[in-house]
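Written out below as C-alpha cells is the structure these notes cover.
Numbers restart at 1 for each chain; the letters A, B, ... are given by sequence-line order, proteins then strands.
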Protein chains: 2
Amino acid sequence: MSGTHTRVPTGLGAGPVNPEDCPVREVLDRIGDKWSVLVIVLLGRRTHRYGELHRTIDGISQRMLTLTLRALVRDGLVERTAHATVPPRVEYSLTGLGRTLLEPLTALDRWAVEHRDDIRGARERHDREQART
Amino acid sequence: MSGTHTRVPTGLGAGPVNPEDCPVREVLDRIGDKWSVLVIVLLGRRTHRYGELHRTIDGISQRMLTLTLRALVRDGLVERTAHATVPPRVEYSLTGLGRTLLEPLTALDRWAVEHRDDIRGARERHDREQART
DNA sequence: CTGAATCCTGTTAGATACTG
DNA sequence: CAGTATCTAACAGGATTCAG
C-alpha cells in the first residue's frame with residue numbers, strides 16, 4: 001500500500017508482450033489449472049499417500065489426480081516415493097523447490113481472502129446494472 | 001526460507017477440500033487464463049486504450065481482449081472509460097482493487113523469475129530419465 | 001476505433017471400466 | 001492400493017466477418 005505502484009512484474013520491457021515468454025504466465029500454466037494448488041497446499045502440510053489425496057480433494061477423479069501429480073513431479077515441485085510392498089504404498093511430498101512456492105501462493109491466498117467480498121460485490125453491482133437493460 | 005513452512009494457505013481446515021470453495025482457486029479462475037495477467041500488468045503501468053492493448057499484447061485476438069477486459073471490469077479489477085467522441089476513445093485502467101492485486105502478483109512473478117531454471121532443469125532431467133525406457 | 005456475432009478447433013476434464 | 005485406458009462432454013480460444 002505504498003502510494004506508488006510496485007515494481008512492474010514480468011519480463012515486460014517496453015515493446016510488445018508475449019504470453020509465451022512471460023514468467024508469471026509460465027507459473028500460471030503450471031498451477032493455474034483446477035487441481036494443482038489444492039495438491040500443493042495439502043502436500044505443504046505433510047506428505048500424503050495417493051489414496052489420501054484422492055479422498056481429501058473433493059471431486060477429483062483418479063485420472064486427474066494422476067495427471068496433476070505427474071506434472072508436478074515432472075516440474076520438480078513434488079516428489080514421488082514408491083515403497084515396494086504389497087499392497088503398494090506411494091507417498092507424495094513437496095520438494096524444496098515446491099516449498100518455496102508456498103510463500104507467493106500464500107500471498108495470493110491472503111489477497112483472495114481479503115478481497116473476496118470486494119469482487120463479489122463488484123460482480124453483483126455490475127450484473128445488476130446490466131440487468132436493467 | 002525460514003526453516004519452517006509458512007502458514008497454510010486457503011480455507012483448508014481439516015476435512016475434505018473443495019475446489020469450488022477455495023479462495024486461491026477463485027483468484028486463479030479469474031487471472032489464471034491466458035491473457036488476464038498480461039492485461040493487468042500493462043494496466044498496472046498506465047492507462048491503455050483498447051487498440052493499444054491489442055497491439056501490445058502479442059497474439060491476442062479482438063475477441064479474447066474484449067472478453068478478458070469485460071471479465072476484469074465485471075470483477076471490479078479494471079475500469080472502463082468511454083469518451084463519446086468520434087472516433088470513439090475507450091480507456092482502461094486498474095481500479096484500486098486491481099492495484100492491490102499487483103503486489104501478490106509481483107511476488108509470484110519474482111518466484112517465477114527466480115526459479116525458472118530450476119523448473120526447466122527438473123523437467124529436462126525428468127524427461128531424460130523417461131527417455132531411456 | 002471499438003467492439004459484436006458467428007463459426008470452428010484443440011485442449012481439459014469427467015465417467016467408467018480395467019490392471020499389476 | 002495405485003494407477004491405466006478409453007470414450008465423451010464442455011469449454012477456452014482462434015479466425016473471420018460485420019457494425020456503430
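Which of D:dG13, C:dG14, C:dG3 sits closest to the side chain of A:Met64 comes down to C:dG14. Comparing D:dG3, D:dG14, C:dT2 by their nearest atom to the side chain of A:Arg80 picks out D:dG3. For B:Pro87, counting side-chain heavy atoms from C-beta on, the closest listed nucleotide (C:dC1, D:dG3, C:dG14) is C:dC1. Listed candidates were C:dG3, C:dC1, D:dA2. Nearest to the side chain of A:Val90 is D:dA2. You'll find that the side chain of A:Gln62 is closest to C:dA17, out of C:dA17, D:dG14, C:dA13. Among the nucleotides D:dG14, D:dA2, C:dA13, the one closest to the side chain of A:Lys34 is C:dA13. Distance from the side chain of B:Asp33 is smallest for D:dG13 among the nucleotides D:dG13, D:dC1, C:dT2.
The side chain of A:Arg63 contributes no N or O atom lying less than 4.0 Å from OP1 or OP2 of C:dG14. Taking 4.0 angstrom as the limit, A:Tyr92 places none of its side-chain polar atoms (N or O) nearer than this to OP1 or OP2 of D:dC1. Here A:Arg70 reaches the OP1 or OP2 of D:dT4: one of its side-chain N or O atoms lies under 4.0 Å away.
To the nearest angstrom, C1' of D:dG13 lies 10 Å from CD1 of B:Ile60. In this structure, the NE2 atom of B:His54 is 13 Å from the P atom of D:dT16, given to the nearest Å. If you take CG of B:Leu67 and C1' of C:dT2, they are 14 Å apart, rounded to a whole angstrom. The CG atom of A:Leu53 sits 10 Å away from the P atom of D:dG3 (whole-angstrom rounding). Across the protein-nucleic acid pair, B:Leu65 atom CG and D:dG13 atom P stand 13 Å apart, rounded to whole Å. As a whole-Å value, the separation of A:Arg49 CZ from D:dA2 C1' is 9 Å. In this structure, A:Glu20 atom CD and D:dG13 atom P are separated by 12 Å, rounded to whole Å.
Between the A:Asn18 side chain and the A:Glu20 main chain, a donor and an acceptor come within less than 3.5 Å of each other. Looking only at distances, no side-chain donor or acceptor of B:Arg45 sits under 3.5 Å from a matching main-chain atom of B:Val41.
Just one residue in the list A:Val78, A:Thr47, A:Thr81, A:Leu72 forms a side-chain contact (heavy atoms from CB on, under 4.5 Å) with A:Tyr92, and that residue is A:Val78.
In this structure, A:Glu103 does not pair ionically with B:Arg110, as no charged nitrogen and carboxylate oxygen lie closer than 4.0 Å.
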